[in-house]
Amino acid sequence: MKSSIKLLLSHSVQQLQNNGVFDRTALDAVNLERTRDTKHGDFASNVAMVLAKQARCNPRKLAEMLIENLPQSDLVEKTEIAGPGFINFYLTSEAYLSVIDQVRVEAENYGRSRVGEGKRVMVEFVSANPTGPLHVGHGRGAAYGDAVARVLRAAGYETHSEYYINDAGRQMDILAVSVLLRYLEINGKQVQFPENGYQGDYIKDIAANMHEKYQQQFCIDETALFDHLPQDKEERIDEVILRCKNALGASDFRIVFDQGRDMLVDDIRTDLAEFGVVFQEWFSERGLLENGDIEKSISVLEENGHVFEKEGAKWFKATEFGDEKDRVVMRANGMHTYFASDMAYHYNKAERGFDKMLDIFGADHHGYVSRIMSSFEALGNDPQRLSILLVQFAVLYRGSEKVSMSTRGGDFVTLRELREEVGNDAARFFYALRKPDQHMDFDLDLAKSQSSDNPVYYIQYAHARICSVFRQLVEKGLKTLVDGQPDYRLLKEKQEAELLQMLSKFPEVVELSAKSYEPHQIAYYLKDLANTFHSYYNAHPFLSSEDATRLARLGLIDAVRIVLADGLELLGVSAPNTM
RNA sequence: GCCUUCGUAGCUCAGGGGAUAGAGCGAUCGCCUCCUAAGCGAUAGGUCGCAGGUUCGAAUCCUGCCGAGGGCGCCA
């Protein structure tokens with residue numbers, strides 16, 4: 001609807017441009033907005049004010065000329081010039097009434113568009129280290145990333161979602177050792193479990209599972225593991241890792257390591273699937289080492305002249321690309337750095353030919369943004385192809401008390417706990433309600449104890465109420481929508497006009513959400529739509545009105561039901577028929 | 001110290017160059033013989049952190065300051 005009006009206005013500007021009133025940039029200034037107040041019509045444009053200087057005439061005069069050049073249209077009832085030079089458009093009631101059938105015919109496709117032009121977008125999100133279960137902070141990234149992917153798909157982008165598994169490096173070694181030590185305990189050995197190892201009970205579960213499967217196969221002599229360890233706890237755990245590797249041998253260590261990795265990745269995958277988040281691909285960091293992409297990307301960087309050597313290490317000249325310091329990619333001991341993996345991963349992504357790549361990071365990773373962008377560019381890619389979006393942390397509270405979020409300490413609220421206690425729908429909607437760059441106070445007590453106050457129920461209830469009306473229609477043997485084409489001109493109530501306006505707006509909301517990567521706009525729209533519906537429901541009867549009116553109203557609320565379900569689907573929230 | 005996000009009603013948050021700044025919760029007062037009261041209506045509540053600047057027009061953009069969260073390693 002909006003795009004049709006905008007087209008008319010663009011046509012008029014084009015006309016005046018052809019007549020030499022303004023230069024070729026004028027079309028960019030065409031802007032059209034929904035009015036906040038119906039006194040100003042349905043849509044308003046400030047284009048006359050923006051272009052007045054260029055046309056060397058006053059805004060109101062220019063607005064007059066623009067209106068004269070508007071093409072005829074059935075959509076527009078009248079136009080007027082208001083205030084300093086706004087052009088207000090009043091639409092015909094037919095324009096609005098036609099929305100009902102449009103929604104009902106297009107059904108789950110209503111609101112979808114082709115603005116994405118089939119461009120290939122890859123969205124990478126969550127990507128938490130598989131060193132423990134997901135916590136509620138990851139939940140926010142999951143809910144956000146998945147909603148972005150869904151909204152992009154709806155807007156006509158070809159979307160690929162991916163989880164990057166950090167399954168290489170020291171943290172994973174610490175995980176493997178944590179599992180091994182718990183396993184030794186099960187086998188009756190005395191171990192000194194490092195304070196900076198992974199303390200959670202899930203480690204014991206993995207160890208128990210391993211014990212069942214492999215019996216005593218990895219029972220190394222524990223006494224040698226803990227003699228004369230360094231004082232510093234980081235050095236100490238590195239030494240324990242080394243001794244475990246030596247005692248077990250590379251291939252057995254790999255088995256223990258994979259035991260932890262696989263169980264945790266499976267657990268994360270299941271957890272997310274239950275949350276409604278299903279990735280198209282799980283991409284392994286270790287794979288980058290094995291397929292040579294890490295070496296390849298470093299050599300591309302060298303070929304492009306962005307590498308220098310210092311004290312035996314290879315450095316990327318990141319400062320040439322705006323990063324604050326240069327970065328080591330290959331250490332003097334021949335090991336590549338964690339950053340080198342990240343660079344290689346983005347090299348790999350770019351090679352796969354996506355038009356656009358989105359990285360969704362937790363705000364705690366924002367320090368990596370400039371170095372990743374720098375390396376991406378240094379590898380010869382257009383930096384416009386990559387956007388790194390930051391999701392702020394959810395700060396957890398129990399009542400007024402802040403909850404500590406240390407993963408290694410094992411003291412954290414898991415996503416699974418949250419889902420079990422407040423439900424998937426409430427959890428997803430709660431996350432969806434905040435824009436990603438907003439800090440979020442997540443009061444667990446509130447979310448758990450007062451979950452019926454969660455706005456998701458308000459929206460789902462609107463959907464269920466409509467379904468209930470249709471059920472009773474059948475029970476009472478009344479005429480239904482399949483019995484005839486309703487005459488929508490009978491819809492003359494204030495709430496009916498408001499609903500029509502809301503319905504016509506949905507495609508604009510989807511498009512805006514997609515372009516700005518802000519699915520929370522959908523959530524707020526749905527709250528509005530549900531509110532307008534509930535008011536209508538309270539003010540006017542459906543079943544007890546006379547046949548023709550009832551039919552028209554049923555058509556309207558059927559369209560509302562469809563848009564509610566469509567919108568909830570974009571957020572990964574269910575639309576129940578009864579509550 | 002540097003980087004980054006934020007500061008809007010008592011609380012949690014929308015709006016992010018345009019006309020009189022919004023919602024939910026909380027408060028007060030109403031509405032179920034009637035399609036689900038998980039609902040609706042009404043009232044009260046704001047110097048949009050502070051100060052400059054750009055603009056015909058700033059809560060919105062820019063700069064500085066104040067306050068809050070997060071990040072800074074030949075760590076992963």
Side-chain angles (χ1 to χ4, degrees), chain A residues 31 33 35-37 39-40 44-46 49-50 52-53 58-59 82-86 88 129 131 166 168-174 234 238 285 310-315 323-333 335 337-339 341-342 362-370 390-393 395 430 433-443 446 450-462 464-473 475-476 478 495 516 520-521 523-525 527-528 530-531 533-545 550 553 557 578-579:
Chain A
N31 185 27
E33 284 181 346
T35 56
R36 209 176 300 168
D37 190 328
K39 274 187 294 192
H40 302 120
S45 177
N46 62 358
M49 286 167 331
V50 176
K53 200 176 263 178
N58 81 59
F86 290 104
N88 294 337
N129 288 350
T131 51
N166 292 118
R170 180 168 173 265
Q171 292 305 324
M172 289 298 288
D173 283 341
I174 293 174
E234 298 299 334
D238 283 339
E285 176 183 2
K310 194 173 94 183
E311 294 162 24
K314 286 186 182 176
W315 295 67
D323 195 4
E324 57 191 20
K325 53 185 77 166
D326 294 328
R327 307 288 175 179
V328 175
V329 289
M330 185 77 82
R331 283 183 261 172
N333 63 9
M335 298 284 288
T337 58
Y338 178 83
F339 166 65
S341 296
D342 277 347
D364 54 333
H365 285 72
H366 107 268
Y368 306 124
V369 172
S370 63
L390 297 177
V391 178
Q392 292 294 321
F393 250 41
V395 182
F430 201 99
L433 213 47
R434 263 105 183 131
K435 59 178 171 184
D437 46 12
Q438 177 69 247
H439 300 130
M440 182 175 182
D441 283 348
F442 201 134
D443 186 334
L446 193 74
Q450 302 186 7
S451 60
S452 65
D453 285 341
N454 193 302
V456 69
Y457 297 110
Y458 182 80
I459 297 164
Q460 290 182 320
Y461 184 47
R465 268 184 154 178
I466 297 172
C467 293
S468 171
V469 169
F470 280 95
R471 277 195 300 274
Q472 290 181 51
L473 192 72
E475 281 167 21
K476 293 185 176 171
L478 294 166
Q495 292 89 345
S516 54
H520 74 276
Q521 310 247 16
Y524 280 91
Y525 167 83
K527 266 171 74 174
D528 259 8
N531 176 244
F533 169 76
H534 285 307
S535 299
Y536 183 40
Y537 183 95
N538 265 64
H540 302 287
F542 307 116
L543 296 178
S544 58
S545 55
R550 183 178 62 242
R553 288 179 175 174
I557 64 171
T578 59
M579 285 179 74

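Values in this document were obtained by computation on a predicted structure and should not be read as measured data. Every chain is numbered from 1, with letters handed out A, B, ... down the list of sequences.
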**Student:** Can you find an N or O donor on one side and an acceptor on the other, under 3.5 Å apart, linking the side chain of A:Glu324 with the base of B:C2?
**Tutor:** no

**Student:** Whom does B:C72 pair with, Watson-Crick or G-U wobble, provided both distances fall under 3.5 Å?
**Tutor:** B:G1

**Student:** Does the structure show a Watson-Crick or G-U wobble partner for B:U63, both distances under 3.5 Å? Name it, or say none.
**Tutor:** B:A51

**Student:** Is A:His540 reaching over with its side chain to a backbone N or O of A:Ser545, donor-acceptor style, under 3.5 angstrom?
**Tutor:** no

**Student:** Please assess A:Arg331 against A:Glu311 for the test salt bridge (Lys or Arg N to Asp or Glu O under 4.0 Å), listing each intermediate value before the final yes or no.
**Tutor:** CA-CA 9 Å; A:Arg331 283 183 261 172; A:Glu311 294 162 24; over 6 Å; no

**Student:** For B:U60 and B:G52, measure between their P atoms and round to the nearest Å.
**Tutor:** 13 Å

**Student:** With C1' as the reference atom in both, quote the distance from B:A23 to B:G18 in angstrom, rounded to an integer.
**Tutor:** 22 Å

**Student:** With centres under 5.5 Å and planes under 30° as the test, does A:Phe86 stack with B:A19?
**Tutor:** yes

**Student:** Hey, is the side chain of A:Gln438 poking within less than 4.0 Å of OP1 or OP2 on B:A14, counting only N and O atoms?
**Tutor:** yes

**Student:** Going by purine N1 to pyrimidine N3 plus the second Watson-Crick contact, or the G-U wobble pair, all under 3.5 Å, which nucleotide sits opposite B:C34?
**Tutor:** none

**Student:** Parallel, tilted or perpendicular: which describes the rings of A:Phe533 and A:Phe542, with under 30° parallel and over 60° perpendicular?
**Tutor:** parallel

**Student:** Between the protein and nucleotides 26-34 of chain B, which nitrogen or oxygen pairs are less than 3.5 angstrom apart?
**Tutor:**
none

**Student:** Can you tell me how far P of B:U5 sits from NE2 of A:His365, to the nearest Å?
**Tutor:** 18 Å

**Student:** List the atom of A:Ala44, the atom of A:Asn88, and the distance in Å for their closest heavy-atom pair.
**Tutor:** CB-OD1, 3.3 Å

**Student:** Syn or anti: how is B:C11 classified when any glycosidic angle within 90° of 0 counts as syn?
**Tutor:** anti

**Student:** If I take atom OG1 from residue A:Thr337 and atom CE from residue A:Met330, how far apart are they, to the nearest 0.5 angstrom?
**Tutor:** 8.5 Å

**Student:** Check every strand shown and say whether A:Met440 touches a base, only sugar-phosphate, or nothing at a heavy-atom separation below 4.0 Å.
**Tutor:** sugar-phosphate

**Student:** From C-beta outward on A:His366, which listed nucleotide comes closest to its side chain: B:G18, B:G71, B:C74?
**Tutor:** B:G71

**Student:** Could you give the distance separating B:G69 and B:C62 at their C1' atoms, to the nearest angstrom?
**Tutor:** 24 Å

**Student:** Using a 4.0 Å heavy-atom cut-off across all strands, classify A:Glu311 as base, sugar-phosphate, or nothing.
**Tutor:** base

**Student:** What is the distance, to the nearest angstrom, from the CG atom on A:Leu433 to the P atom on B:G15?
**Tutor:** 11 Å

**Student:** I'd like to know if A:Asp364 reaches the base of B:G70 with its side chain, counting only an N/O donor and acceptor under 3.5 Å.
**Tutor:** no

**Student:** Checking all strands, does A:Asp342 fall into the base, sugar-phosphate, or nothing category for heavy-atom contacts under 4.0 angstrom?
**Tutor:** nothing

**Student:** Which part of the nucleic acid does A:Ala44 contact within heavy-atom distance under 4.0 Å: base, sugar-phosphate only, or nothing?
**Tutor:** base

**Student:** Would you say the base of B:A19 stacks on A:His40 (centre-to-centre below 5.5 Å, plane angle below 30°)?
**Tutor:** yes

**Student:** Could you check whether A:Lys476 gets within reach of a base, just the sugar-phosphate, or nothing at all, counting any heavy atom under 4.0 Å?
**Tutor:** nothing

**Student:** Taking the P atom of each, how far is B:C65 from B:U12, in whole Å?
**Tutor:** 27 Å

**Student:** With salt bridge (Lys or Arg N to Asp or Glu O under 4.0 Å) as the criterion, how do A:Asp238 and A:Arg170 come out once you've worked through the C-alpha distance, each side chain's angles and the decisive distance to 0.1 Å?
**Tutor:** CA-CA 8 Å; A:Asp238 283 339; A:Arg170 180 168 173 265; 2.7 Å; yes

**Student:** What is the base-pairing partner of B:G46, counting Watson-Crick and G-U wobble geometry with both distances under 3.5 Å?
**Tutor:** none

**Student:** Say you pick atom P in B:U43 and the same atom in B:G64; how far apart are they, in whole Å?
**Tutor:** 44 Å

**Student:** If I pick the C1' atom on B:U20 and the same atom on B:G39, what distance separates them, to the nearest angstrom?
**Tutor:** 29 Å

**Student:** Mind checking the C1' distance from B:A21 to B:G16? Whole angstroms is fine.
**Tutor:** 12 Å

**Student:** Are OP1 or OP2 of B:A37 and a side-chain N or O of A:His534 less than 4.0 angstrom apart?
**Tutor:** no

**Student:** Paired with B:C29 by Watson-Crick or G-U wobble geometry, both distances under 3.5 Å: which nucleotide is it?
**Tutor:** B:G41

**Student:** Which value, in whole Å, describes the distance between the C1' atoms of nucleotides B:U47 and B:A59?
**Tutor:** 11 Å

**Student:** Counting Watson-Crick and G-U wobble pairs only, both distances under 3.5 Å, name the nucleotide matched with B:A9, or none.
**Tutor:** none

**Student:** Take atom CE of A:Met49 and atom C1' of B:C56, then tell me their distance rounded to the nearest Å.
**Tutor:** 9 Å

**Student:** Tell me, yes or no, whether the heavy-atom count around A:Met579 atom CE, taken from other residues, nucleotides or ligands under 6.0 Å, exceeds 12.
**Tutor:** yes

**Student:** Does the base of B:A14 carry an N or O that pairs as donor and acceptor with the side chain of A:Asp528 under 3.5 Å?
**Tutor:** no

